Structure formats: C-alpha cells, structure tokens
Amino acid sequence: MADNSNELMDKLVALCKRRGFIFQSSEIYGGINGFWDYGPLGVELKRNIKDHWWNTVVRQRDDMVGVDCSIIMNPRVWEASGHVTNFNDPLVDCKGCKARYRADKVFTVEVKDGENMLLLAGVDADNADQAKAAATEKANSKTRRRLEEKGDSLAWNMFRADQAQGQTSRCPNCGQELTDARKFNMMFKTFVGAMEDSSAVAYLRPETAQGIFANYKNVLDTSRIKVPFGIAQVGKSFRNEINPRNYTFRSREFEQMEIEFFCHPKEADKWYEYWRDARYKWYVDLGLKSSKLHLRNHEKEELAHYARACADVEYEFPFGTSELEGIANRTDFDLTQHQKFSGRDMTYFDDETKEKFIPYVIEPSGGCDRATLAFLCEAYTEDQAPDEKGVMQTRVVMKFHPALAPIKVAVFPLVKKEGMPEIAQKIHQACKQANLVSFYDEKGAVGRRYRRQDEAGTPFCVTVDGQTLADQSVTVRERDSLKQERIPADKVVQYVQERIR
RNA sequence: GCGGGCGUAGCUCAGUGGUAGAGCGUCACGUUGCCAACGUGAAUGUCGUGAGUUCAAGUCUCAUCGCCCGCUCCA
C-alpha cells in the first residue's frame with residue numbers, strides 16, 4: 001500500500017476526531033478494540049444515510065415493509081441459520097512461521113513407502129482429492145516421479161487439521177508443526193435472566209436477517225402484502241471478529257441495513273439482478289461516483305453452499321478494496337431451515353395461480369458503518385482556495401452529497417453589530433423550525449467560519465451583510481465552488497430544501 | 001492468538017537522566033466589511049497504567065493496558 005494512502009487515512013481519522021464525527025469507544029479508559037462512537041456530526045451523517053436508505057427501499061415503494069426486531073432471539077434461531085455450527089470455525093496456528101489457518105482448510109499429507117517417509121507436507125485444500133493433488137504438486141521432481149510410478153501401492157495418510165486426532169498437522173507455508181485446532185466463537189454469548197444458568201444461554205445477533213425470516217409469516221398475515229415483496233431492517237449486529245481492523249471498517253458491534261426480498265423461485269434471477277443494480281445505483285446517487293466504486297459478481301467457487309448468485313458492492317478504501325454490501329440469491333435455504341427447526345409452515349399460497357411454494361430470497365445486506373466510512377473517505381478533499389490576500393491556501397473540505405451532510409446550512413452575520421446578528425438568528429431559527437440542521441456562528445472573521453464549515457461538509461453558508469439591512473437579501477456561499485449568490489432572506493429555507501434532496 | 005511498531009495538550013508532533021514544550025485549534029476581550037486576518041490575554045498534561053534502577057525518570061528496565069500494521073475470519 002502506498003504511503004500516501006495511509007496518510008489520507010490518518011488525516012481523515014484526525015479530522016473525524018477533531019470535528020466530532022467519530023470517537024473511540026470508552027476512550028477515557030484507554031479505549032476498547034473494535035468499538036466506536038459517533039459524535040455530534042457523525043451521528044447526523046449516519047442517520048442521514050440510514051434515513052435515505054429507509055426512504056428509498058421502504059417508504060417510496062409499494063412492495064416493501066419494515067421491521068425492527070430484538071437483538072437477542074431464541075437461540076434455536078442460530079442453530080437453524082447455521083451460525084452455531086458453521087461459524088465456530090476451528091483455527092490452527094503454525095508454531096514456526098506463525099501463520100494462521102482455518103483448520104478445515106488445511107490437510108496434512110503423509111506418504112510412506114514401506115518404512116520410508118516419502119513425502120510429508122501441509123497443503124491448503126478443500127478436500128482429500130485436492131490435498132493429494134496439491135501435495136504431489138509440491139513434491140520435488142524426484143519424489144513426484146516415484147509417486148507417479150508407485151501410485152496407490154504407497155501408503156497415503158491424509159487428515160484435516162481439525163480431525164487430526166493426535167496426529168501432528170503441518171504448515172502449508174513452511175512445513176513446521178501446527179497447534180491443535182482451537183475453537184473461536186464468532187457470536188457474543190450472554191445469559192437471559194438474572195441467574196447465570198447454562199440453560200439460559202443466548203446470543204447477540206450476528207446479523208439482522210434472521211429476525212426478518214422469523215417474522216416472515218407475521219408480516220404476510222398482517223400487512224396484506226403479496227409475493228413478490230420485501231422486508232427491510234436497520235439495526236445493530238455483533239460479531240467477535242478475530243481481529244478488528246481498519247478504523248470502523250471491521251468492528252465487533254456494527255449496524256446493518258438489510259433487505260430480504262421474497263419472490264417466486266422462477267423469478268429469483270430477475271429480482272436478483274434488479275436488486276444488485278438498484279443497490280449499486282444507490283451508492284452512486286449518494287456520491288460514490290468515482291472510479292473507486294465497483295460491482296463485483298462472485299465466481300461460482302466463491303458462493304456459499306446455499307447461494308445461487310452473489311455480488312459485492314466494493315469501494316477502494318485507502319487501506320484496500322473492501323465490501324460495502326453483498327447482494328445474494330439465497331434460494332429457499334433460510335425459510336426451509338426455519339420450517340425444519342421451528343416446525344412452522346413457511347410455504348406461500350398464491351391465490352391466483354393456486355400454487356404453493358417456499359419463496360426464494362434475494363438479500364441485499366449492507367454495512368451501515370462501512371457505508372458511512374466510504375462516504376467519509378469519498379468526501380475528504382484538499383483543494384486550493386485564496387485567502388484574504390489572494391494567496392492560494394490548502395483547503396480541507398468534506399464534499400458530502402447535500403442529502404448526507406450533517407449540517408445543511410450555517411448562518412453568519414458578516415460582523416457582530418448593526419443588527420446583523422439578530423437577522424441571522426431569525427434565519428437560523430427558521431431553518432431549525434423547518435428541521436434543517438443549521439449552525440449559527442458570529443465569532444471571528446467570516447473567512448474562518450466558512451473554512452470551519454468546509455471541514456464539517458456544510459453545503460451552504462448564509463451571510464447577513466450590510467446590504468441585507470437595505471433590501472433583506474443575503475448571500476449564499478456554496479461549499480464546493482465557493483460561489484456566492486444573493487437571495488431574499490425569507491427564501492433561505494426553501495433554497496436549502498430544494499438543494500439537499 | 002503470534003510477530004513488528006507506537007502511546008507527551010483537543011489535533012499534529014518535538015523533547016540529549018536534571019524546571020513540561022511548539023504549531024494549529026479552543027475560549028475571552030478589542031478590532032472587523034466575504035474566504036484559515038490582526039492584537040492582547042487565558043485555559044488545557046495522572047507524559048497510557050503500575051512497579052523497579054537512580055540523588056533525580058517523559059527519557060533506562062520489567063510488567064500491564066490500549067492503539068496501529070501483518071497473518072487467519074467477516075457485513
């Protein structure tokens with residue numbers, strides 16, 4: 001990674017702290033790894049992102065409804081979803097080179113010719129056949145020739161690191177010994193009820209999706225909605241990530257924006273493509289316009305066993321390209337699992353076609369904190385602007401889409417006298433009454449006040465000046481172009497409202 | 001969990017075993033006439049924490065906590 005990328009991230013992190021976007025959680029106690037707080041500007045930014053998402057995918061549509069489910073659910077939910085079994089991946093470490101592997105992806109291959117150890121190697125592989133091929137590939141040419149000549153008459157012993165049963169696993173990288181497989185629990189565990197009783201074990205949800213699946217029948221029975229339709233949810237989820245990293249990108253407590261869209265199996269491909277493209281466009285429309293945004297279709301080998309298709313919306317962060325949102329065709333896997341585990345009927349009956357089926361599910365699942373971070377990275381800009389003497393100075397400006405900007409408008413008296421503060425206050429209060437986040441500032445030189453708003457990403461600054469006293473007009477200064485225009489003071493609210501959509 | 005780096009003011013960082021510093025920011029007062037103006041003044045520090053060595057530790061040693069980077073997992 002280039003140094004200037006790290007530099008950009010450092011500058012952004014410093015700005016987020018300095019201006020009150022993001023603080024480290026429990027900072028006064030030294031912080032806690034993987035948890036973050038949003039400050040006064042950050043909470044507005046994140047809320048705007050969530051609101052815009054909710055408006056787009058729920059309120060502006062006829063085929064979508066929302067839910068807000070509890071974070072702690074019946075633990076059986078996580079058995080049905082596969083989280084209890086699948087996400088307790090055992091891991092192994094190399095005692096020599098310190099590499100870490102998923103134990104079910106590492107095979108140790110021993111080949112004996114009588115008493116002679118012909119080959120002893122660790123390999124990355126999904127199954128025994130792959131392991132055999134990989135080990136053969138790895139052997140030197142002389143050994144390989146013997147393997148080919150003698151073939152199955154040799155004694156092959158292959159075992160997965162999580163099924164070693166006392167045998168010593170070998171590192172695929174350096175060949176040295178691996179530790180025994182150790183379990184890592186991805187879910188946060190807790191106890192329901194005041195007594196810490198093992199029968200009361202519960203988990204903080206690792207995704208919001210299961211609350212939607214668990215309520216699929218409730219929503220169908222109460223909202224008069226028909227397939228195809230979707231349920232949306234925004235909420236916190238929790239994962240014991242092995243290693244939180246990259247600022248807020250990989251956190252242990254994070255917020256998701258998830259949709260489960262239920263449709264006829266025959267229409268699943270169509271809806272998958274629809275949502276994939278719609279979700280990508282949402283990010284573009286909100287300002288991730290640059291070449292840093294990508295839509296990447298997963299290769300077949302990448303797909304989870306239940307997914308028929310999957311695509312990621314990815315963003316080129318300074319620390320690397322990473323996923324903001326995944327859109328997957330999850331087939332009828334989840335509803336079928338819940339039907340099996342709960343014993344409840346999850347089929348849908350179509351009155352028109354008289355057909356009964358378990359709907360397929362298209363899941364656009366976005367990381368809200370990740371989106372927030374991407375919008376922050378995209379917004380951070382340094383440009384050149386003239387100072388009072390006309391000398392060009394570096395200006396730091398957060399070029400948020402106006403709809404996302406934490407502060408929509410700042411109102412200043414040019415100077416703190418001649419009745420200008422009073423007029424400016426009136427305009428400020430009018431903006432607040434219209435639910436526009438407005439900031440009033442009368443201190444210091446107006447140039448400094450403009451620049452301060454640039455760092456907060458405020459799209460418009462309104463200034464009351466001498467002319468206002470004569471004709472009730474004010475100047476509006478636009479953040480990115482620095483251009484000013486005069487408008488009537490009583491049109492400020494309307495002016496801003498029209499430009500922040 | 002392992003390896004490497006780091007921890008001094010709100011931010012960015014100097015600091016040679018001997019009085020705790022700078023720039024920026026913040027606040028107050030004055031000034032102000034549209035892009036980080038100027039003047040005067042002020043506040044802000046358990047030097048991450050705890051031990052140890054020393055006459056004396058921000059500085060040396062050990063431990064510990066936290067952060068950053070790499071490996072593994074993931075939205």
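Residue numbers start from 1 in every chain, and the chains themselves are labelled A, B, ... in the order their sequence lines are given, proteins ahead of strands. Just the heavy atoms: all of them, side chains too, but no hydrogens, waters or symmetry mates, feed the values below. Since this is a predicted model, take the numbers as computed values, not measurements.
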Name of the residue among Arg296(A), Arg276(A), Arg279(A) meeting salt bridge (charged side-chain N to carboxylate O under 4.0 Å, His left out) with Asp312(A):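 Option passing the salt bridge (charged side-chain N to carboxylate O under 4.0 Å, His left out) with Asp312(A): Arg296(A).
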Distances for protein N/O vs nucleotides 4-12 of chain B N/O pairs under 3.5 angstrom?
| unit_1 | atom_1 | unit_2 | atom_2 | d |
| --- | --- | --- | --- | --- |
| G10(B) | O3' | Lys17(A) | NZ | 3.3 |
| C11(B) | OP1 | Lys17(A) | NZ | 2.4 |

Could you measure between the two [atom1] atoms, the one in [N] and the one in [M], and give it in whole Å?
| N | M | atom1 | value |
| --- | --- | --- | --- |
| A28(B) | C34(B) | P | 23 Å |
| A9(B) | G5(B) | P | 22 Å |
| U40(B) | U54(B) | P | 49 Å |
| G18(B) | C2(B) | C1' | 41 Å |
| C13(B) | G7(B) | P | 10 Å |

Could a donor-acceptor pair under 3.5 angstrom be found where the side chain of [X] meets the base of [N]?
| X | N | result |
| --- | --- | --- |
| Arg448(A) | C34(B) | no |
| Glu455(A) | G25(B) | no |
| Arg477(A) | C34(B) | no |

Row check, Phe254(A) ring normal vs Arg370(A) NZ/CZ: under 6.0 Å, within 45°: no
Row check, Tyr495(A) ring normal vs Arg499(A) NZ/CZ: under 6.0 Å, within 45°: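 Judged by the rule (NZ or CZ under 6.0 Å from the ring centre, within 45° of its axis), Arg499(A) counts as positioned above Tyr495(A).
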Sugar-phosphate, base or nothing in reach of Phe238(A), heavy atoms under 4.0 Å: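 No contact.
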Pairing annotation in dot-bracket form, given for RNA chain B with Watson-Crick or G-U pairs under 3.5 Å and | for cross-strand partners: (((((((..((((....[..)))).(((((.......))))).....(((((..]....))))))))))))....
Please give, in whole Å, the distance from [N] [atom2] to [X] [atom1]?
| X | N | atom1 | atom2 | result |
| --- | --- | --- | --- | --- |
| Tyr450(A) | A37(B) | OH | P | 13 Å |
| Phe254(A) | C74(B) | CZ | P | 13 Å |
| Ile259(A) | A75(B) | CD1 | C1' | 14 Å |
| Phe412(A) | C35(B) | CZ | C1' | 10 Å |
| His298(A) | C74(B) | NE2 | C1' | 12 Å |
| Leu8(A) | C68(B) | CG | P | 17 Å |

Pairs involving residues 468-479 of chain A, ordered by first then second residue, that meet side-chain hydrogen bond (donor to acceptor under 3.5 Å, both in side chains) (sequence neighbours left out):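 Of all non-adjacent pairs touching residues 468-479 of chain A, those that pass side-chain hydrogen bond (donor to acceptor under 3.5 Å, both in side chains) are Asp454(A)-Arg477(A), Asp465(A)-Thr468(A), Gln467(A)-Asp471(A), Asp471(A)-Ser473(A), Ser473(A)-Arg486(A), Glu478(A)-Ser481(A).
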Closest to the [X] side chain, choosing from [options]:
| X | options | result |
| --- | --- | --- |
| Asn246(A) | G66(B), A75(B), C69(B) | C69(B) |
| Arg239(A) | C74(B), C35(B), U32(B) | C74(B) |
| Leu414(A) | C34(B), A37(B), A75(B) | C34(B) |
| Lys417(A) | A75(B), A36(B), G33(B) | G33(B) |

Phosphate OP1/OP2 of G66(B) contacted by Asn33(A) side-chain N/O (<4.0 Å): no
Distance test, side-chain N/O of Arg452(A) to OP1/OP2 of C35(B), below 4.0 Å: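 Checking Arg452(A) against C35(B): no side-chain N or O falls below 4.0 Å of OP1 or OP2.
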Distance flag, aromatic centroids of Phe249(A) and Phe317(A), threshold under 6.0 Å: yes
4.5 Å side-chain heavy-atom contact, Met398(A) and Thr381(A):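 Counting from C-beta outward, Met398(A) and Thr381(A) never come under 4.5 Å.
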Beyond-backbone contact of Glu325(A) with Tyr283(A), side-chain heavy atoms, under 4.5 angstrom: yes
